[in-house]
Every structure is written in structure tokens, then in C-alpha cells.
Amino acid sequence: MVIGLDKIFNSAINNTLFKNKEVLQTNYTPESIPHRDKQIEQIAGILAPLLRGERCSNLFLYGKTGTGKTLSMQYVQNELLRKAKEMGLELRIIYLNCKLKKVSDTEYRILAALIGKLGKEVAATGLPTDQVYSKFIEIIDEKKQLVVIIFDEIDQAIKKISDSFLYNLTRLNSELSKSQISIIGISNDITFLEDIDPRVRSSLGEEELVFPPYNALQLQDILNERCAISFKENAVDAGVIAKCAAYAAREHGDARRALDLLRIAGELSEREGNSNVGLKYIDLANDKMEKDKILDIVETQPKQFQLVLYAISELTKSQKNNKELNKFFTGDVYDVYRDICIKTKNEYLTQRRISDIIAEMDMLGLINAKVISKGRHGRTREIKFAIPIGLFDKIDAILKESLGL
DNA sequence: CGAGATTCATGTGAAGTATACCTTTAGGCTTAA
DNA sequence: AAGCCTAAAGGTATACTTCACATGAATCTCGTA
């Protein structure tokens with residue numbers, strides 16, 4: 001047992017900073033959604049026919065992450081269901097997040113998930129897809145009702161599956177006799193509709209709605225509102241919210257990120273035993289998020305990527321003092337990489353592949369790689385490790401661990 | 001001394017291969033009529 | 001006979017390899033001043 005554990009537990013129990021931390025978590029649904037009145041009204045207007053027992057138009061929502069799409073949608077959904085219940089209407093709204101890995105892989109799984117949400121079961125595997133289709137139709141059509149299906153992050157699903165799936169869905173109505181179905185898609189990718197079948201596009205995008213990013217002021221409002229619920233009074237220094245909002249606004253006005261930033265800043269400050277959040281914790285939190293992201297990337301890379309990264313890390317280490325600024329070339333990396341592979345009894349890949357891997361790591365921001373020509377000495381990439389020095393040891397540890405060194 | 005040719009070390013593209021993971025299908029086994 | 005399950009067959013995406021050609025500035029070559 002670690003000695004200091006008690007202290008940590010105690011400080012967690014007599015939590016000095018937060019009143020209600022859930023409010024800052026991403027899955028929390030606030031009671032009001034600032035600066036989205038217009039969008040909510042529009043959605044409500046489009047869905048209103050449902051309350052008259054009519055089918056509503058298919059709807060498409062666009063907007064970058066953290067612009068309140070899902071939140072607004074869920075808000076309208078709840079209100080609608082409440083109203084429908086009051087009026088005794090048969091209305092079913094199915095919400096499906098396509099981003100969840102288990103769900104999104106295949107058409108089959110999406111259907112299975114939908115059926116699951118309708119309260120029925122299908123075998124997890126084995127049945128032909130069209131059979132699942134007919135079962136799905138059968139379930140919906142068993143009584144007169146209106147069905148709305150919401151596909152969140154639908155672009156993720158379509159990347160994996162062909163758009164014929166959507167086409168089938170839009171034509172579902174013609175196969176239903178008693179019920180009627182409407183589809184709502186939510187997508188982060190604004191260009192998404194451009195590369196799908198025009199027929200699908202026109203039927204799916206009967207109504208479209210764009211969620212613009214929040215600006216810094218709006219983010220401030222959101223943060224202030226949640227801050228009041230989640231933190232104890234006077235726990236947040238002046239200017240912290242503004243800084244938080246400014247950081248997040250700089251990165252596409254992502255409210256989720258702003259909230260994360262505030263929450264992590266609070267956690268960090270709390271861990272140090274403070275009873276308030278100072279300005280510097282926003283920077284620390286920002287740092288931490290950045291670091292976590294990098295570590296996460298490194299951790300989840302395939303083995304060959306890690307081997308290459310390890311080679312680069314070794315190279316950087318070996319020339320720490322000498323030469324100019326830790327720059328080296330594809331050939332150097334490849335040699336070291338191959339040695340490591342041989343030593344660790346991994347098989348090594350061709351230089352061609354390593355070249356691509358290096359390019360991909362450049363995209364991920366783990367390294368800086370620039371194609372240069374060294375004249376008589378050929379053309380190559382000039383490679384530099386782009387990871388902050390503070391993370392060096394951790395990365396090293398992760399790599400050694402996962403490569404079994 | 002300078003214009004143009006050469007050269008090096010890899011970048012880059014296309015096409016082919018191996019593998020893993022899916023879906024589909026066919027055949028066999030079980031169950032219900 | 002119909003339904004169900006499983007194993008094999010066929011499809012498709014991914015991660016690589018092989019082959020072939022492209023790059024672009026330092027360096028070389030050679031004609032000229």
C-alpha cells in the first residue's frame with residue numbers, strides 16, 4: 001500500500017473545488033443551450049408536423065465538433081416526446097451514434113443496433129442482410145406509428161459502408177404500409193454530402209441546417225453558465241473563463257474542448273490542494289491535453305510505426321549534443337530502424353514503406369519531415385522529432401514497453 | 001567562368017501480393033409438423 | 001420440410017512489396033574568354 005494514498009483519497013472526498021463536476025463532463029445535458037435558440041427553433045419547426053401525426057421532412061445537421069448539434073437535437077427530441085405523450089401520439093425516436101465502433105462497422109450492425117433500440121433482438125451474426133432488413137421493416141410496420149431515426153456522426157458510418165445503405169433507408173417509406181419514417185443525419189463533415197449519390201442527397205437533405213462555430217464571447221456564456229453550477233462559489237479566478245474561451249475559440253470554437261479545458265484545469269488545481277483555479281492552470285491543462293493526445297497517438301500506433309518512432313527517438317538521443325539541431329535523413333532512420341528490428345527479432349519493411357510511414361507520422365505531428373534536395377547527395381526528407389522534451393521519457397517508456405525491450 | 005549534363009539518395013506512383021476480416025452460401029444437423 | 005448453425009468459399013480493405021520513373025541542386029564537363 002502506498003503511504004500517501006490516504007491523503008489523496010481524503011482530498012478527493014473533501015473536494016474543495018467542485019460542487020458538481022458532472023456538469024463539465026461531455027455527456028451532461030444542460031437545461032438551457034445558450035446561443036442556439038435559432039437552430040432549436042428551426043429544428044422544432046421542421047419536426048412539428050410529427051405532432052399532427054404527419055411525417056416530417058428528412059433533416060440534415062452540419063457543424064464542426066462541439067457546436068451543439070447533438071445537444072440541440074436531443075433537446076428538441078425530448079420536448080417532442082413529452083408533447084407527443086401528452087397528446088397520446090405514437091411517436092418513436094431512435095437515436096443512434098454511428099461513431100461507436102461496435103455499431104458502425106457494417107450495414108448489418110447498424111440495423112441490428114436499430115432493432116435493438118426498438119426493443120427486439122437479432123442474432124449477432126449469421127443472418128443475411130436483407131433478412132435483417134425485412135425484420136426491421138416488420139417491426140416498424142407492426143402498428144401505425146411515426147418513426148424518426150437520428151444518425152449521429154453519420155459521416156463515420158458512410159465512410160465504412162457504401163451510400164447505398166442511405167439510399168435504402170430513404171426508400172423505406174415505400175415499403176411501409178402503416179408507419180412512416182423520417183431520417184435525421186448529423187455530420188461533422190460539411191463536405192460529406194458532396195460525395196454521395198445525388199439521389200440520396202436530394203431525398204436525405206430535404207432540410208439542411210448548419211451550426212456555426214461558437215465565438216469566444218458565446219463560449220464564455222456557456223462556460224459561465226456551467227461554471228456556476230459545477231464549481232463552488234469563488235473557486236474560479238477572474239479571467240479564467242475568458243482565457244478558456246479564447247483558447248477554445250482559437251481552435252474552431254469547440255465548446256466541448258472549452259469545457260474539457262476548464263474541467264482539467266480544475267482537476268489539476270484540486271490535485272495540488274488549491275481551493276481555487278488560477279489562470280496558470282488553464283495553460284497547464286492545455287499542455288496536459290496536448291500531451292495526452294500525443295501519448296495516445298503513440299500508444300495506439302501499430303508496431304511498425306512504433307519501431308520507426310523508436311529509431312527516430314534513438315537517433316535524436318545519440319546526437320543530442322553534437323551536430324546541428326537533431327536533423328537526420330530517411331536513410332539514417334532506415335538503418336537504425338533495421339538494426340532495431342533485427343535486434344528485437346521483428347521483421348523489417350522496405351524503405352519504400354518506411355518512407356510512407358515517415359510521411360504519415362509527419363501528418364500526425366509526431367515529427368517534422370521536409371523533403372529537401374542535397375544536390376549531388378540526392379534527395380531526402382529532413383526529419384526532426386517534434387515531441388516536447390518533457391515527454392521524451394514517457395514516449396520512450398511506452399515504446400519500450402509495447403515493443404518488449 | 002558559366003551553361004548544360006550528370007549524379008546521387010530517395011521521393012512518388014502504379015500495380016501486384018499476402019493477410020485478415022466480412023459476408024454469403026451450401027451442406028449437414030436439429031426440430032416441429 | 002423448415003429452420004438453424006457452421007465451415008468453406010468468395011469479397012474487400014489494409015498493409016506491404018516490387019518495379020519504374022521523377023526530382024532537383026551540388027558537382028562535373030567542357031567550351032569559351
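On a predicted model such as this, the values are computed, not experimentally measured, just so you know. Naming convention: chains lettered A, B, ... in sequence-line order (proteins, then strands); numbering from 1 in each chain.
The pair A:E314-A:K317 counts as a salt bridge, with a side-chain nitrogen and a carboxylate oxygen less than 4.0 angstrom apart.
For C:dT17, the OP1/OP2 oxygens have a side-chain nitrogen or oxygen of A:T350 closer than 4.0 Å. Phosphate proximity of C:dT23 to A:R381: absent, as no side-chain N or O sits under 4.0 Å from OP1 or OP2. Considering only side-chain N and O atoms, A:S373 lies nowhere under 4.0 angstrom from the phosphate OP1 or OP2 of C:dT23.
Atom pair A:D356:CG and C:dT14:C1' shows a separation of 13 Å (rounding to whole Å applied). Separating the CZ atom of A:F329 from the P atom of C:dA26 is a distance of 13 Å, rounded to the nearest angstrom. The CG-C1' distance, from A:L307 to C:dA15, rounds to 15 Å in whole Å. Counting to the nearest Å, the C1' atom of C:dT18 and the CG atom of A:L349 are 14 Å from each other. Taking atom CD of residue A:Q304 and atom P of nucleotide C:dT17, one finds them 8 Å apart after rounding to whole Å. In this structure, A:E360 atom CD and C:dT14 atom P are separated by 12 Å, rounded to whole Å. Spacing between atom CZ of A:R352 and atom C1' of B:dA15 amounts to 12 Å, rounded to whole angstrom units. What separates CZ of A:R353 from P of B:dT12 is a distance of 14 Å, to the nearest Å.
One donor-acceptor pair, N or O on each side, does fall under 3.5 Å between the base of C:dT23 and the side chain of A:R379. On a pure distance criterion of 3.5 Å, no polar donor-acceptor pair joins the side chain of A:R376 and the base of C:dG24.
Remark: A:E272 pairs with A:N274, A:Y281 by the side chain to side chain contact (heavy atoms under 4.5 Å, CB included) rule, at least two apart or across chains.
For the pair A:G378 and A:A359, both in contact range of DNA chain B, the more 5′-proximal nearest nucleotide belongs to A:G378.
With hydrogens and angles left out, the side-chain atoms of A:S72 and A:Q39 include no donor and acceptor closer than 3.5 Å. Side chain to side chain, A:T70 and A:D152 meet the donor-acceptor criterion of an N or O pair below 3.5 Å.
Using a distance-only test at 3.5 Å, with no hydrogens or angles considered, no donor-acceptor pair links the side chain of A:T330 to the main chain of A:T380.
The number of heavy-atom neighbours closer than 6.0 Å to CD of A:E86, taken from other residues, nucleotides and ligands shown, is above 12.
Applying the side chain to side chain donor-acceptor pair (under 3.5 Å) test to pairs two or more places apart or on separate chains, those with a residue in residues 354-364 of chain A are A:R352-A:D356, A:R353-A:E360, A:S355-A:R381.
Paired runs in DNA chain C that reach 3 or more consecutive Watson-Crick or G-U pairs, where each pair keeps both distances under 3.5 Å, cover B:1-31 with C:1-31.
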